[in-house]
Structure formats: structure tokens, C-alpha cells
Amino acid sequence: DVKVTQSSRYLVKRTGEKVFLECVQDMDHENMFWYRQDPGLGLRLIYFSYDVKMKEKGDIPEGYSVSREKKERFSLILESASTNQTSMYLCASSLTGGYGYTFGSGTRLTVV
Amino acid sequence: GENVEQHPSTLSVQEGDSAVIKCTYSDSASNYFPWYKQELGKRPQLIIDIRSNVGEKKDQRIAVTLNKTAKHFSLHITETQPEDSAVYFCAASKGGSYIPTFGRGTSLIVHP
């Protein structure tokens, strides 16, 4: 009963490529989030969205952009991938107030 | 903004022992404190949460305690088993905010 789905489990991309990471949730949650997870650094918020077409920068937005055209879908875009963007990327969604927070399975991105 | 500190970063115990992970938070307005478990290669999943109107909550072998005055909360796991081995994250959020602040995680290792 997967509720937050990330389109790819593993990705390998070349430096300079434009990369799209897709996330879809079926719980009718208002809020969606993108995090990157690196050893020793925990979960760092990249961008979040509290409504369709709305987006807000998180703690580390540089080098990333996002798109939310439909309530259930939130995309993370790496405009020009760099090796320091090699990481695990986690999508999450929640109700207002942070309740019902649910993560996707993650996408492990390697930029070579 | 909110700041959540989590200790220890690594915890190694023998099977059957108890494990305690502690978190402190800075914003006295925070009122919701979830804990997530992330097994190797899997998504973080909510295991227990507590709201600021209670001091303790238990679910079988796990419990969470909250001290609002001192602004800290703890996860207690009794009779640990090898399958408890995982990374545990604490978080804090407040009503009206949809962005939980996560601790950096604790890697719990339970030796058989």
C-alpha cells in the first residue's frame, strides 16, 4: 500500500545533465517536500510546497528547482547536475501542521 | 527557527538491553514530536509520536517521554532485538507550521 511513490530507485547521470526526480502521493496531502540525506548530516530540506503551483525554499535550495502542477505530484529538478549533488533524495508529504508525514522510498542519485 | 539536537549519533547495545535516544528542541511553541525509524535501504517510517498535552506515550516495547519545561523528549526501546537496528530520527513541529525540524539521526545497532 505504497502512498508516496518516487519514480526511480537508482539514477546515474552525467555532470551537466538536467535531471528530473518525480514524486507522486495518493493521500490528498496539501504539503509536499524534497529532502536530501547524506551520512552524518541527517535530512536537509531542499524545497517544499503547500499548494499547487506554490513553492518555498528550504535550507539548501541552491542548484535545485521544483514544480507542482497537480496536487499529487511534486518534481525536483537539477538544472545542471554536479558531482556534489550525488546523494539520496527523499520525497515526503503531509497534512497541514506536519501530521501524517509520509516518506517515499528514496532515489539514490549518482552524478559522474 | 526551530533547532533540534539529537544524541547520541551512534548507540550500540546487546540484545535484550534497553536503548534511550534523546532530543532537545529550542522553540517552546512546538507541540508535536514524532519519531521515525529508517532501516537500511528503506524509507523513514513513523513509529510513535507525542503531542505536548501528554508527558508519556507507550506502544509495546517503545515509549516516548516529553518534558516541556526542559524542552526535551526521549525515545525508549526496551528488550531490544536485532530487528530494532536502524537509524532513528526525532522531529519537532508546531500547529500552523507544516515543516517539521528533524534531528540528525541516531544509528542504533543491536548485537545478537
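As a basis for the values below, the full set of heavy atoms in this structure was taken, side chains included, without hydrogen atoms, waters or symmetry mates. Per chain, numbering begins at 1; letters A, B, ... match sequence-line order.
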Listed partners of T80(B) passing side-chain contact (heavy atoms from CB on, under 4.5 Å), at least two apart:
V13(B), D17(B), A19(B), I77(B), D84(B), V110(B)
Under a 4.5 Å cut-off applied to non-hydrogen side-chain atoms, are Y101(A) and P100(B) in contact?
yes
In this structure, would L66(B) and I48(B) fall into the same cluster of hydrophobic residues linked by side-chain contacts under 4.5 Å?
yes
One pair to check against side-chain contact (heavy atoms from CB on, under 4.5 Å): K42(B) and F103(A). What are the steps and the verdict?
CA-CA 10 Å; K42(B) 296 188 177 181; F103(A) 286 92; over 6 Å; no
Side chains of I99(B) and F33(A): closer than 4.5 Å at any heavy-atom pair?
yes
Non-hydrogen atoms of chain A under 4.5 Å away: do they reach the side chain of Q45(B), the backbone, both or neither?
neither
Quick one: do L40(B) and L90(A) end up in the same hydrophobic cluster if we chain Ile, Leu, Val, Met, Phe, Trp and Tyr together by side-chain heavy atoms under 4.5 Å apart?
no
Kindly give the heavy-atom pair with the smallest separation between R104(B) and L41(A), and that separation in Å.
NH1-CD2, 4.2 Å
Can you tell me which of Q6(A), Q37(A), R108(A) forms the most heavy-atom pairs within a distance under 4.5 Å of chain B?
Q37(A)
Should the heavy atoms of other residues, nucleotides or ligands under 6.0 Å from CZ of R44(A) be counted, would the total exceed 12?
yes
Could you tell me whether R9(A) atom CZ has more than 12 heavy atoms of other residues or ligands within 6.0 Å of it?
yes
Per-pair distances, 0.1 Å, donor-acceptor, side chain in residues 52-63 of chain A, under 3.5 Å, sequence neighbours excluded:
from	atom 1	to	atom 2	distance (Å)
K53(A)	NZ	E69(A)	OE1	2.4

With side-chain contact (heavy atoms from CB on, under 4.5 Å) as the criterion, how do L43(A) and Q38(B) come out once you've worked through the C-alpha distance, each side chain's angles and the decisive distance to 0.1 Å?
CA-CA 12 Å; L43(A) 296 161; Q38(B) 186 178 26; 5.7 Å; no
Assert top hit (heavy-atom pairs under 4.5 Å, partner chain B, pool G104(A), G106(A), G40(A)) equals G104(A)
